[in-house]
Amino acid sequence: MLEYSVLLLLRRQPSYANDIINSLKDADLIVVEGTLYPLLTRLKKDGLLSYEWRESLQGPPRKYYALTNDGIVALSALDDTWSSLTRTVELLKIGI
């Protein structure tokens with residue numbers, strides 16, 4: 001779920017890790033740096049994310065993460081899986 005959430009955020013725009021953490025927090029999903037950075041590293045290694053360094057007015061340059069084409073494909077697959085899962089849960093909730 002965290003991987004899916006991060007990819008959803010990055011679909012909108014490239015983001016700095018701290019901005020990702022804050023966006024997740026705003027959505028009531030609390031994630032710490034020690035959890036997010038290994039996930040970002042794995043997604044980068046898997047070819048789903050790329051990054052670029054950008055200058056910052058508040059200190060050293062920052063690494064901004066973005067979806068790659070493979071990341072867009074993976075996100076689409078996760079969208080399908082999530083839709084299927086939510087359909088199943090809704091059917092179970094109404095007691096089919």
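These numbers come from a predicted model, not from an experiment.
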request  = Look up atom NZ in K25 and atom OG in S23, then write down how far apart they are to the nearest 0.5 Å.
outcome  = 11.5 Å
Where L24 and S5 come nearest, the two heavy atoms and their spacing = CD2-CB, 3.8 Å
message = The test is side chain to side chain contact (heavy atoms under 4.5 Å, CB included); show your working for V89 and T86 and say whether it passes.
response = CA-CA 5 Å; V89 170; T86 56; 5.6 Å; no
message = I need the minimum non-hydrogen distance between P61 and W53, along with the two atoms involved.
response = O-CZ3, 3.6 Å
key: Separation of K63 NZ from Y16 OH (nearest 0.5 Å)   = 11.0 Å
task = State, to 0.1 Å, how close S15 and I20 come at their nearest heavy-atom pair, and which atoms those are.
result = CB-CG1, 3.8 Å
ask   = At what distance, to the nearest 0.5 angstrom, does CG of L43 lie from CG of L36?
value = 9.0 Å
key: Atom CG of L57 with >12 non-hydrogen neighbours under 6.0 angstrom   = no
query = Can we say K93 and E90 salt-bridge, meaning some charged N sits less than 4.0 Å from an Asp/Glu carboxylate O?
reply = yes
note = P14 and R54 have their tightest heavy-atom pair at CB-NH2, 3.7 Å
query = Is the backbone N or O of L48 less than 3.5 Å from a side-chain atom of T68, with the two atoms forming a donor-acceptor pair by type?
reply = yes
query = According to a 4.5 Å side-chain heavy-atom criterion applied to Ile, Leu, Val, Met, Phe, Trp and Tyr, with indirect links allowed, do L40 and L2 form part of one hydrophobic cluster?
reply = yes
note = Here the gap from L7 atom CG to L49 atom CG, rounded to the nearest 0.5 Å, amounts to 6.0 Å
message = Looking at every non-hydrogen atom in both residues, tell me the closest pair between Y65 and L10 and how far apart they are.
response = O-CD2, 3.3 Å
query = Has the side chain of S84 got a donor or acceptor atom that lies under 3.5 Å from a matching backbone atom of T81?
reply = no
task = Would you kindly confirm whether L39 and Y64 end up in one hydrophobic cluster when ILVMFWY residues are joined by side chain heavy atoms under 4.5 Å apart?
result = no
query = salt bridge (charged side-chain N to carboxylate O under 4.0 Å, His left out) between E3 and R42: does it pass, once the steps are laid out?
reply = CA-CA 10 Å; E3 177 179 324; R42 182 177 58 79; 2.8 Å; yes
ask   = At what distance, to the nearest 0.5 angstrom, does CG of L9 lie from CG of D26?
value = 9.5 Å
request  = Give a yes or no on this: more than 12 heavy atoms of other residues, nucleotides or ligands lie within 6.0 Å of atom CG of D80.
outcome  = yes
inquiry  = Working note: R11 + D79, criterion salt bridge (charged side-chain N to carboxylate O under 4.0 Å, His left out); need CA distance, chi angles, decisive distance, verdict.
reply    = CA-CA 12 Å; R11 173 170 49 191; D79 281 334; 3.3 Å; yes
query = Do the non-hydrogen side-chain atoms of W82 and L78 ever get within less than 4.5 Å of each other?
reply = no
request  = State, yes or no, whether a side-chain contact exists between V6 and V31 at a heavy-atom distance under 4.5 Å.
outcome  = no
